[in-house]
There are 2 protein chains.
Amino acid sequence: MLTPTAVSHSTLHRSNHTLPVPPRTATRCSVCAMRHLCMPQGLTLDDLPRLEAVICSARSVRRGETVYRAGDPFDNLYVARSGSLKTVMAHRDGRQQVTGLRLAGDPLGFDGISTGFHTCSAIALEDSSVCIIPYQALKHLCRETGALQDRMHRLMSEQLIRESSQMMVLGSLSADERVAAFLLDVSERNGQRGYSHAEFNLRMTREDMGSYLGMTLETVSRTLSRFQKRGLIDAQGKLIKIIDLEGLRHV
Amino acid sequence: MLTPTAVSHSTLHRSNHTLPVPPRTATRCSVCAMRHLCMPQGLTLDDLPRLEAVICSARSVRRGETVYRAGDPFDNLYVARSGSLKTVMAHRDGRQQVTGLRLAGDPLGFDGISTGFHTCSAIALEDSSVCIIPYQALKHLCRETGALQDRMHRLMSEQLIRESSQMMVLGSLSADERVAAFLLDVSERNGQRGYSHAEFNLRMTREDMGSYLGMTLETVSRTLSRFQKRGLIDAQGKLIKIIDLEGLRHV
DNA sequence: CGATCTGTTGAATGGTATCAATCGCGGTGG
DNA sequence: CCACCGCGATTGATACCATTCAACAGATCG
């Protein structure tokens, strides 16, 4: 396991998904960062110091490194603070599949609560940083602060809905529809974070996308090319511009 | 919305998935039922009366009826008490997909917490009954009783893992593998409930299975037929016997 | 007992995977 | 500085698995 390290903001702020947080050199998350990124929406100001005491540190992960691995004992939840990560689940025969894409602000690690061990791995798609939230401490705070309990439940419920939706993508949509749905999802989430709906740097490889969407990397590539020829998008490798949002919605 | 009605145990006990609960005529869940079915594992005996006050009633749903519908305001969680249900999610274009199968003891309704409205529907696959757990009351009780909070978190986390696993089934497995994985999953869950691993009455139609597994009902039927010819199972319509468990695991 | 729903099976089509070749880019080291 | 290497991405040709369309059989229910 890696130990928490200081966050280098000079590199963080070059990242595509870093939220507009004032540069700081401290390891501890700033309150203003937490307000956006972590769990406290709906809390009163009185609650913030207590929460700050729980979210004790940030940790930076380099591209390709894991925040946690399937099988690791579960101690902490995390919140992506900058950058982006994928969650990956492995079948016993070795095949593995990308089960999620996490952007800045997204929570990570709920899968460990059930058994006390993580069942999937979280891997950084680019140099990223995550807030570390010790679960036991958070649990205790939830019992004192109803708003935090609410937020915790809502975050897990949101994740459940997200996964149900992805099940529908995988089970019911054609390859074209899957890719379109994925691009629209990323576009929307980018917009929610204050970035452009229309242009983003998608750090996943074609293989990651294929794995997430239940198809081969070749089919992903072909589909993107076809979308480009149809004037729906402009894809230069990982840099994706959405040209015809409505068009994408209708295929 | 239907109102809670008395549970008819005479019909319940004919159901395949009814747990061995002593017959009772009261609408209120008995403690012994809750101990198995609902949320209280890990609670002290002192906590039970308080929980009993929250889980105020049961409701019976006939085959094909819904416990809740996508779009309904969210007020209650539910626990399947007898019978079995499917959860269904709809795409905006009308296509819909089965996202889950719930057997006796499984929780229902977490999807509503996030927005205050349900995003999927829960439909009884046979005449069934569910415990009704008012969410607000449960939330308050969670703040008083740490063990209940724990259980709540674990149940949601379990559900997350279940959905991730299903994403992997849908994204990575062939039709044969999907059907085999599904049969093994149902077999295991049946076993956990004290029923036979080897023989069960699967109340889903071939179409439901196909929807859940991301394939057509014809392919499900063909696959089951092929499994039968290979001596892996014996399927007479909805009654399924698993003959070669290991064989199923290896395709 | 007819009507409708569910399940099975067959034949033909088509979408996606597979296999393979090539290209482009970034990093590395001569 | 540039050649080389490796990885990621693109594109093509072919094969195959699952869908689609269709007919029919069996169950269930009013």
Side-chain angles (χ1 to χ4, degrees), chain A residues 14 62-64 86 95 97-98 123 125-127 169-183 201-230 232-241 251, chain B residues 11 14 16 62-65 84 86 95 97-98 123-127 169-183 201-230 233-241 251:
Chain A
R14 264 187 262 124
R62 308 281 288 277
R63 181 186 137 91
K86 63 178 172 181
R95 276 178 292 190
Q97 174 156 350
V98 174
I123 303 171
L125 292 167
E126 59 190 303
D127 293 354
V169 167
L170 290 168
S172 303
L173 305 191
S174 69
D176 281 16
E177 291 171 323
R178 289 181 208 193
V179 173
F182 177 64
L183 293 178
N201 201 334
L202 193 48
R203 304 300 181 118
M204 287 175 135
T205 64
R206 299 291 186 259
E207 186 169 14
D208 285 334
M209 282 193 246
S211 172
Y212 183 54
L213 297 174
M215 50 205 262
T216 59
L217 67 96
E218 292 96 327
T219 304
V220 172
S221 179
R222 272 187 255 272
T223 305
L224 290 173
S225 299
R226 238 177 309 112
F227 283 0
Q228 183 146 355
K229 279 188 195 106
R230 285 206 260 161
L232 298 173
I233 64 170
D234 180 31
Q236 305 288 338
K238 294 187 162 55
L239 186 68
I240 307 228
K241 291 182 199 173
V251 155
Chain B
T11 59
R14 262 187 262 124
N16 185 42
R62 308 279 288 277
R63 181 186 137 91
E65 286 181 352
S84 55
K86 62 178 173 182
R95 275 177 293 188
Q97 174 156 350
V98 175
I123 304 171
L125 292 168
E126 59 190 304
D127 294 354
V169 167
L170 290 167
S172 303
L173 304 192
S174 69
D176 282 15
E177 291 170 324
R178 289 181 208 192
V179 173
F182 177 65
L183 294 178
N201 200 334
L202 193 47
R203 303 300 181 117
M204 290 175 134
T205 65
R206 299 291 186 258
E207 185 168 16
D208 285 334
M209 281 194 247
S211 173
Y212 183 54
L213 297 175
M215 50 205 262
T216 59
L217 66 96
E218 293 96 328
T219 304
V220 173
S221 179
R222 271 186 254 274
T223 304
L224 290 173
S225 298
R226 236 175 314 111
F227 283 0
Q228 182 147 357
K229 279 189 195 106
R230 285 206 258 160
I233 63 169
D234 180 31
Q236 305 288 338
K238 292 188 165 53
L239 185 68
I240 307 225
K241 290 183 200 173
V251 157

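The shown structure was predicted, so the numbers you read here are calculated from the model rather than taken from an experiment. Chain A is the first sequence line, chain B the second, and so forth, proteins listed ahead of strands; every chain is numbered from 1.
If you take CD of A/Glu207 and P of D/dC7, they are 12 Å apart, rounded to a whole angstrom. Here D/dT19 presents its P atom at 14 Å from CZ of B/Arg95, a figure rounded to the nearest Å. B/Met209 has its CE atom 17 Å from the C1' atom of D/dA18, to the nearest Å. B/Gln236 has its CD atom 9 Å from the P atom of D/dA27, to the nearest Å. Whole-Å rounding puts the B/Arg203 CZ to C/dT6 P distance at 14 Å. As a whole-Å value, the separation of B/Arg63 CZ from D/dA27 P is 15 Å. In this entry the distance linking CG of A/Leu173 with P of C/dG15 reads 16 Å, nearest Å. Distance NZ (A/Lys238) to P (D/dG8): 7 Å, rounded to an integer number of Å.
Smallest separation of non-hydrogen atoms from B/Ala175 and B/Thr223: O-CG2, 4.4 Å. Between B/Arg178 and B/Leu213, the shortest heavy-atom distance links the atoms NH1-O, 2.8 Å.
Around CZ of A/Arg62, the count of heavy atoms belonging to other residues, nucleotides or ligands within 6.0 Å does not exceed 12. Atom CZ of B/Arg63 sits in a sparse spot, with 12 or fewer heavy atoms from other residues, nucleotides or ligands closer than 6.0 Å.
Applying side-chain contact (heavy atoms from CB on, under 4.5 Å) to A/Phe227 and the options A/Ile240, A/Asp234, A/Leu232 leaves one that passes, A/Leu232. A side-chain hydrogen bond (donor to acceptor under 3.5 Å, both in side chains) with B/Asp208 is found for one member of B/Gln97, B/Lys86, B/Arg203 and no other, namely B/Lys86.
Of all nucleotides listed (D/dA18, C/dT6, D/dG8), D/dG8 comes nearest to the side chain of A/Thr205.
Under the 4.0 Å criterion applied to side-chain N and carboxylate O atoms, A/Glu177 and B/Arg95 are assigned as salt-bridge partners.
Residue contacts shown for B/Leu217 include a base, since a base heavy atom lies under 4.0 Å away. The residue A/Ser221 sits close to a base: some heavy atom pair falls under 4.0 Å.
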Could you run down the sub-3.5 Å N/O contacts of the protein with nucleotides 17-19 of chain C?
| from | atom 1 | to | atom 2 | distance (Å) |
| --- | --- | --- | --- | --- |
| C/dA17 | OP1 | A/Thr216 | N | 3.2 |
| C/dA17 | OP2 | A/Thr216 | N | 3.4 |
| C/dA17 | OP2 | A/Thr216 | OG1 | 3.0 |
| C/dA17 | OP2 | A/Thr219 | OG1 | 2.3 |
| C/dT18 | O4 | A/Arg222 | NH2 | 2.8 |
| C/dC19 | N4 | A/Glu218 | OE2 | 3.2 |

